[in-house]
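Letters go in sequence order (proteins before strands), and every chain restarts at 1.
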2 protein chains.
Amino acid sequence: MTASPFRRAAILAIGSELLTPNRIDTNSLFVTSALNAIGIDVVFKAVAGDDRVELQALVAHALGRVDLVVLTGGLGPTDDDVTREVVAAHLGLPLAEDRTITDAIRRRFDARGWVMPEINRRQAMVPRGALVIANPNGTAPGLWIEHGTQGVLLVPGPPREMRPMVEQMVAERLLARADGRRVVRRVLKIAGRSESRVEELTQPVYSRWRALDTPVETTILAAPGQIELHLSARGNDAAGLDAVLDRAAGEIEAVLADDVFSSDGASIEEVVGALLLSRGWKIALAESCTGGLATSRLTDVSGSSAYVERGVVAYSNEAKIAMLGVGPDLITAFGAVSEPVAQSMAEGIRDRAKVDVGVGITGIAGPTGGTESKPVGMVCISVVTPPRTLVRTFRFPGNRELVKTFAAFTALDMVRRMILERVKGSEGVEANTSG
Amino acid sequence: MTASPFRRAAILAIGSELLTPNRIDTNSLFVTSALNAIGIDVVFKAVAGDDRVELQALVAHALGRVDLVVLTGGLGPTDDDVTREVVAAHLGLPLAEDRTITDAIRRRFDARGWVMPEINRRQAMVPRGALVIANPNGTAPGLWIEHGTQGVLLVPGPPREMRPMVEQMVAERLLARADGRRVVRRVLKIAGRSESRVEELTQPVYSRWRALDTPVETTILAAPGQIELHLSARGNDAAGLDAVLDRAAGEIEAVLADDVFSSDGASIEEVVGALLLSRGWKIALAESCTGGLATSRLTDVSGSSAYVERGVVAYSNEAKIAMLGVGPDLITAFGAVSEPVAQSMAEGIRDRAKVDVGVGITGIAGPTGGTESKPVGMVCISVVTPPRTLVRTFRFPGNRELVKTFAAFTALDMVRRMILERVKGSEGVEANTSG
């Protein structure tokens with residue numbers, strides 16, 4: 001017997017905290033992406049609290065409307081984790097403890113020298129006939145239940161537990177039950193342009209795509225410092241869809257040129273890391289207002305110890321002088337937030353670390369410390385890769401955290417452009433002040 | 001006739017873009033906050049696409065469960081804006097054009113020297129008996145429909161249009177229909193304990209609160225390194241609720257003692273910053289595996305330049321030796337990831353920066369670089385505040401980013417405990433490996 005394909009899905013996120021003004025469900029974005037990739041549409045999503053009655057009502061609503069229901073969260077060991085019991089009761093499936101799960105949970109506690117609390121046994125309760133999905137990153141296993149022609153997937157709420165389990169189930173169970181009309185997506189990441197400028201430049205290009213045999217949908221999204229252009233196409237033939245999106249991405253890159261820094265999902269720190277590795281270059285960073293954020297982002301990449309030699313957070317003038325050799329007279333003459341000081345920081349860290357690329361960042365993250373001539377959000381960034389030196393002044397919008405994020409991103413993008421030798425004269429990098 | 005009070009609400013966000021992997025409904029957070037403030041609970045929320053059938057089904061579900069339904073979005077002029085028509089049809093209310101709305105929309109276009117497109121007339125269609133809510137920031141008016149004892153509010157999706165309309169309706173209509181039972185919330189943040197251990201220790205305390213005259217609800221949430229205990233109480237008397245939550249928080253703190261680092265929403269970096277300021281102390285950090293993340297977090301706090309003197313990211317052995325004075329023999333004898341090296345890093349940065357508190361962090365963030373005796377996730381952290389020195393070894397779970405997050409958090413928590421002089425002998429900090 002061939003089961004009918006899954007086409008329509010609903011996602012339910014469970015947790016009372018997700019109904020407060022302080023928390024939001026983001027797991028559904030990952031689940032949507034995984035389902036769309038195999039041609040399953042998400043037709044609605046919902047959030048329920050740790051409330052048996054409301055959750056049961058939503059489960060009933062969902063099972064009345066879709067082929068596949070994915071529930072995230074509410075699988076913890078405590079009394080207020082009700083997902084497992086509500087779904088089992090609604091489907092009329094008795095729960096029984098699975099000792100292999102209990103043992104696995106106990107081993108996780110043992111490994112840390114802790115005793116498993118008795119309440120964790122609740123996580124070993126399995127509805128009859130359910131498939132248990134191992135959780136390498138936590139105690140709550142996932143559950144997959146086939147109910148007539150419908151499927152119900154229960155996964156834990158913490159993203160690092162949820163994600164690999166969803167990926168595994170897509171590969172092992174859902175792909176075989178999808179109808180093959182995949183949605184293929186591509187994300188172009190763009191630096192140094194405002195959202196409205198990207199729209200203005202690309203709209204004449206992407207507006208033509210709707211008339212193609214395989215139409216390409218576009219969405220523009222802004223994040224601090226970077227703009228993302230999301231392209232998607234739908235059809236049966238994955239290779240054909242890829243070709244359509246390759247062509248589309250190519251047309252955008254022809255317009256935006258080096259402002260497109262990634263078309264495969266890579267982050268700016270991954271792109272910079274790959275460039276440094278390809279040149280066999282090492283980098284060292286001297287940060288003031290970004291407080292270590294640029295170095296931290298670079299070291300988010302596995303293997304970054306091969307090219308990140310060191311970083312310095314020189315918050316005080318004394319630290320800039322002692323650790324980077326910035327001249328006290330330079331600080332007196334131009335101020336700590338100035339292009340000469342940024343450049344001296346970049347040169348100082350590069351000389352001391354004996355590396356190829358030096359970076360200096362100094363600015364006013366705010367909300368205090370701004371003046372008429374040096375307002376909050378003003379940041380000077382210098383990148384030195386002899387024989388070339390680049391130094392620029394930006395004015396970033398937003399609060400302290402946003403200014404730090406903009407500045408760290410922009411510094412890494414300047415490193416990218418310097419390595420590619422694509423900074424010409426005094427143009428080059430342009431501050432994205434849209435926000 | 002006095003209508004029965006609104007106690008239970010549902011929020012529906014409408015828009016196909018909100019069902020893609022790229023966009024998320026955040027309007028519901030604002031609406032939740034506005035409703036909670038007048039004692040109305042949000043018992044579920046949902047997202048529907050621009051799809052008449054699914055939206056109608058969700059509206060029916062919501063009206064079967066709650067007193068008040070708030071719908072955001074889908075009030076635009078185009079064919080795919082279906083909220084107005086679906087709600088009117090479901091409630092059996094005929095739609096008729098309201099010429100005063102058409103005129104107002106036309107004036108908005110006139111003011112820009114534009115001609116109103118005919119499709120904008122759709123935004124002037126009003127269900128019989130509905131109250132029209134003027135929209136000073138856009139063309140789509142809001143609608144308020146009283147349906148028997150229930151209320152249905154339709155507002156546009158753009159936040160700057162939605163927010164003032166919701167605020168106006170809360171003040172003019174909903175407040176009078178709410179029962180005045182506000183919800184007051186408190187968040188306790190806890191370090192150095194697993195989620196299940198916090199549950200085990202606090203459950204005997206908070207389980208008694210359900211029997212109070214003013215019951216206190218609790219939710220436990222885990223984030224890397226920290227556990228949050230959310231308390232909430234509901235009633236008419238805001239000062240009384242505060243007193244109840246003060247008492248409840250006090251009972252938890254009596255059990256968890258110094259593991260509670262915040263009861264007012266402050267982050268660990270804010271707590272550490274305030275402690276440093278109160279002592280008039282300065283801090284300097286030497287990081288390896290965290291790559292600057294601990295320093296960056298400390299400098300997320302406005303005014304942190306008053307106490308963060310400097311940071312060093314000593315990724316290479318050469319940097320540890322040159323910038324921190326770590327002995328090459330120490331690295332050879334114990335390895336770069338070891339307690340003696342962590343302590344030497346903390347002492348080195350403290351001496352060089354001439355500050356009160358020195359921090360050293362060295363570990364294996366992974367996914368590569370682990371060995372049998374020094375596995376991925378092993379991190380040595382030292383905090384030096386003469387005459388006391390603390391050094392600990394942890395094994396953090398998860399991927400590279402998570403190990404960095406755990407380690408940075410734990411280092412800041414160790415600083416907190418050292419300043420409070422609450423680390424005793426070899427016990428003290430315990431790694432939180434739950435999640």
Tell me, for [X] versus chain A, whether the close heavy atoms (under 4.5 Å) come from the side chain, the backbone, both or neither.
X         : result
Ala353(B) : neither
Ala286(B) : neither
Arg352(B) : neither
Ser28(B)  : neither

Side chain, backbone, both or neither: which part of [X] has a non-hydrogen atom closer than 4.5 Å to chain B?
X         : result
Phe109(A) : side chain
Thr26(A)  : both
Ala34(A)  : neither

Can you give me the closest heavy-atom contact between [X] and [Y], atom names plus distance?
X         : Y         : answer
Met323(B) : Gly311(A) : CE-O, 4.0 Å
Leu58(B)  : His61(A)  : CD2-NE2, 3.6 Å
Ser194(B) : Trp114(A) : CB-CZ3, 3.5 Å
Ile24(A)  : Asp25(B)  : CD1-O, 2.9 Å

Give the member of [options] that has the highest number of heavy-atom pairs under 4.5 Å with chain B.
options                                  : value
Ala48(A), Pro117(A), Gly15(A)            : Pro117(A)
Thr290(A), Asp80(A), Thr78(A)            : Thr78(A)
Thr368(A), Leu55(A), Val43(A), Val308(A) : Val43(A)
Leu293(A), Val47(A), Val312(A)           : Val47(A)

Within 6.0 angstrom of Lys189(B) NZ, more than 12 heavy atoms from elsewhere: yes
Over 12 foreign heavy atoms within 6.0 Å of CD, Gln56(A): yes
Neighbours of chain A found in residues 297-304 of chain B - heavy atoms under 4.5 Å: Thr299(B), Asp300(B), Val301(B), Ser302(B), Gly303(B), Ser304(B)
Polar side chain donor-acceptor pair, Ser316(B) to Glu309(A), under 3.5 angstrom: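 The answer is yes; a qualifying pair exists.
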Expected output: side-chain Lys404(B) to main-chain Ser296(A) donor-acceptor under 3.5 Å: yes
Candidate pair Arg310(B) and Val313(A), rule side-chain contact (heavy atoms from CB on, under 4.5 Å), full reasoning: CA-CA 5 Å; Arg310(B) 71 179 67 170; Val313(A) 181; 5.7 Å; no
How long is the gap from [atom1] on [X] to [atom2] on [Y], to the nearest 0.5 Å?
X         : Y         : atom1 : atom2 : answer
Ile119(A) : Glu199(B) : CD1   : CD    : 4.5 Å
Phe44(B)  : Asp51(A)  : CZ    : CG    : 11.5 Å
Lys45(A)  : Leu19(B)  : NZ    : CG    : 6.0 Å

Salt bridge (charged side-chain N to carboxylate O under 4.0 Å, His left out) between Glu54(B) and Arg8(A), worked out: CA-CA 11 Å; Glu54(B) 288 307 324; Arg8(A) 292 160 47 84; 2.5 Å; yes
Option in Ala57(B), Ala314(B), Ala294(B), Gly49(B) with maximal non-hydrogen atom pairs under 4.5 Å from chain A: Ala57(B)
Leading residue by heavy atom contact count with chain A [cutoff under 4.5 Å; candidates Ala13(B), Gly292(B), Gly369(B), Ser288(B)]: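 With the most close heavy-atom pairs to chain A, the winner is Gly292(B).
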Check ion pair Arg23(A)-Glu228(B) (N to O, under 4.0 angstrom): yes
Validation row: Val53(B), Arg65(A) side chains within 4.5 angstrom (heavy atoms):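 Yes, close enough: below the 4.5 Å cut-off.
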Check: Asn399(B) and Arg160(A) side chains under 4.5 Å, non-hydrogen atoms: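 They are not in side-chain contact.
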